[in-house]
Amino acid sequence: MKTDSAYKPLHVEEDQTGFDLGTNIWMAIVLFVMLVLLLIFLPIGWEFDMNSPDFNPMIFLPFLLLSAVLWNLGKGAFLWRRLRRFGTATMELHGGKFPVPGGICRGLIRTAGPIATEGDFQLTMTCVEAYRFRRAGEIGGPSDERYHSKVAWEKTLTVPHTEADPQVGLKFEFQLPEVAPLAQFIEPAIGSKPYFKMKASINIPGMKPKVIAQNQKPDRRSWWLEATAPTRDGVFRSKFQVLVDEGLSS
């Protein structure tokens, strides 16, 4: 495949599969060590009768830790199998400089080997915004800051499998938003002014925190490109972080 000078790689990024695999294995090790230390240094007995005076609610903690260990190992095995099947894909950014909001983001996604696809490739560019929330600690104690994120902008391109050769390269080109993208927000009450500002985090146990915002700049922003396609060996999936040149302080 011939390329001209405008399409020389500006930046090459490996997909996140290997990083995610390492994270899951590391988390499984840490949680397993915590489980062992809990069983050794904090004997809690095995009385399951909640009416018994010997019942200790901490009895469920080892099962929660064990479940977390198994979940991380299972996800790690899934990612390892994906690496064995498809190898490590790479993304090349093209052009003379890094893309900017309102500009064009173009490049190629290459796979380590041929992929027997059974459908079209879906290339999805996503902008994720993170908002910082301060949570008060105990009286007289320090407070901590946490980031909650939301998808602010997303666009998908379809590459027909009859025209795609991911080993040679899947070409992509996205027109990025002209201004800082704002996610959908809950409409303010009737009578609120257009310049009304609001930022809130909805926290439901067992679910990822949901952020709603209006006229509030994010504290951090990241851009991601994900490629997926059905294959004979399961779903091919690769995710890359895209470097976009922008200033959040302006």
J.: Quick one: is the NZ or CZ of Arg220 closer than 6.0 Å to the six-membered ring centre of Tyr147, and within 45° of its axis?
T.: yes
J.: Tell me whether the count of non-hydrogen atoms from other residues, nucleotides or ligands lying under 6.0 Å of CZ in Arg81 goes above 12.
T.: no
J.: Run Phe240 and Glu226 through side-chain contact (heavy atoms from CB on, under 4.5 Å) and show every step you take.
T.: CA-CA 6 Å; Phe240 311 87; Glu226 185 175 54; over 6 Å; no
J.: Side-chain heavy atoms nearer than 4.5 Å, only ILVMFWY residues, links allowed to pass through others: does that put Leu123 and Val12 together?
T.: no
J.: Which atom names give the shortest non-hydrogen contact between Thr117 and Ala229, and what distance separates them?
T.: CG2-CB, 4.3 Å
J.: For Val159 and Leu170, which heavy atoms make the closest approach, and how far apart are they?
T.: CG1-CD2, 4.3 Å
J.: Quick check for you: to the nearest 0.5 Å, what is the distance between Phe172 atom CZ and Lys155 atom NZ?
T.: 13.5 Å
J.: Is it the case that one hydrophobic cluster holds both Leu64 and Leu37, taking links as side-chain heavy atoms less than 4.5 Å apart, direct or via other members?
T.: no
J.: Could you give the distance from NZ (Lys97) to CG (Asp245), rounded to the nearest 0.5 Å?
T.: 8.0 Å
J.: Measure the spacing between OG1 of Thr228 and NZ of Lys239 and express it to the nearest 0.5 Å.
T.: 12.0 Å
J.: With heavy-atom distances below 4.5 Å as the criterion, would you say the side chains of Phe236 and Arg82 are in contact?
T.: no
J.: To check you understand the geometry: which heavy-atom pair defines the closest contact between Gly107 and His94, and what is its length?
T.: CA-ND1, 3.6 Å
J.: Provide the closest heavy-atom pair for Asp120 versus Pro160 in the form atom of the first, atom of the second, distance.
T.: OD1-CA, 3.3 Å
J.: For residues Pro177 and Trp223, report the shortest heavy-atom separation together with the two atoms involved.
T.: CD-CH2, 3.7 Å
J.: To the nearest 0.5 Å, what is the distance between SG on Cys127 and CG on Leu176?
T.: 9.0 Å
J.: With a 4.5 Å cut-off on side-chain heavy-atom distances among I, L, V, M, F, W and Y, is there a chain of contacts connecting Trp71 to Phe63?
T.: no
J.: In Å and rounded to the nearest 0.5 Å, what is the SG to CG distance from Cys105 to Leu243?
T.: 9.5 Å
J.: Please tell me whether Gln122 and Thr158 have a donor and an acceptor in their side chains that are separated by less than 3.5 angstrom.
T.: yes
J.: Using ring centroids (six-membered ring only for Trp), state whether Phe133 and His148 fall under 6.0 Å.
T.: yes
J.: In the structure I gave you, are the side-chain heavy atoms of Phe98 and Val244 within less than 4.5 Å of one another anywhere?
T.: no
J.: Which residues satisfy the side chain to side chain contact (heavy atoms under 4.5 Å, CB included) test with Gln175, sequence neighbours excluded?
T.: Ile104
J.: Can Met91 be reached from Val100 by stepping across I, L, V, M, F, W or Y side chains whose heavy atoms are under 4.5 Å apart?
T.: no
J.: Show me the donor-acceptor pairs within less than 3.5 Å that the side chains of residues 14-33 make with the rest of the protein, sequence neighbours left out.
T.:
{"residue": "Asp15", "atom": "OD1", "partner": "Thr17", "partner atom": "N", "Å": "3.3"}
{"residue": "Asp15", "atom": "OD2", "partner": "Ala89", "partner atom": "N", "Å": "3.4"}
{"residue": "Asp15", "atom": "OD2", "partner": "Ser238", "partner atom": "OG", "Å": "3.1"}
{"residue": "Thr23", "atom": "OG1", "partner": "Phe19", "partner atom": "O", "Å": "3.0"}
{"residue": "Asn24", "atom": "ND2", "partner": "Asn72", "partner atom": "OD1", "Å": "3.0"}

J.: So which heavy atom on Gly96 is nearest to which on Leu10, and how close?
T.: O-CD1, 4.1 Å
J.: Do the side chains of Leu38 and Leu61 get nearer than 4.5 Å, heavy atoms only?
T.: yes
J.: Of Thr124, Thr156, Leu157, which meets side-chain contact (heavy atoms from CB on, under 4.5 Å) against Phe174?
T.: Leu157
J.: Begin with the C-alpha distance, continue with both residues' side-chain angles, and end with the deciding distance and a verdict on side-chain contact (heavy atoms from CB on, under 4.5 Å) for Met125 and Glu154.
T.: CA-CA 6 Å; Met125 178 76 79; Glu154 187 174 84; over 6 Å; no
J.: Should Val242 and Leu93 be marked as a side-chain contact (heavy atoms from CB on, under 4.5 Å) after you check the CA-CA gap, both sets of side-chain angles, and the distance that decides it?
T.: CA-CA 8 Å; Val242 181; Leu93 284 181; 4.1 Å; yes
J.: What is the distance from atom CD of Glu92 to atom CD of Glu13, rounded to the nearest 0.5 Å?
T.: 12.0 Å
J.: Is the shortest distance from a Lys or Arg side-chain nitrogen in Glu129 or Arg221 to a carboxylate oxygen in the other one below 4.0 Å?
T.: yes
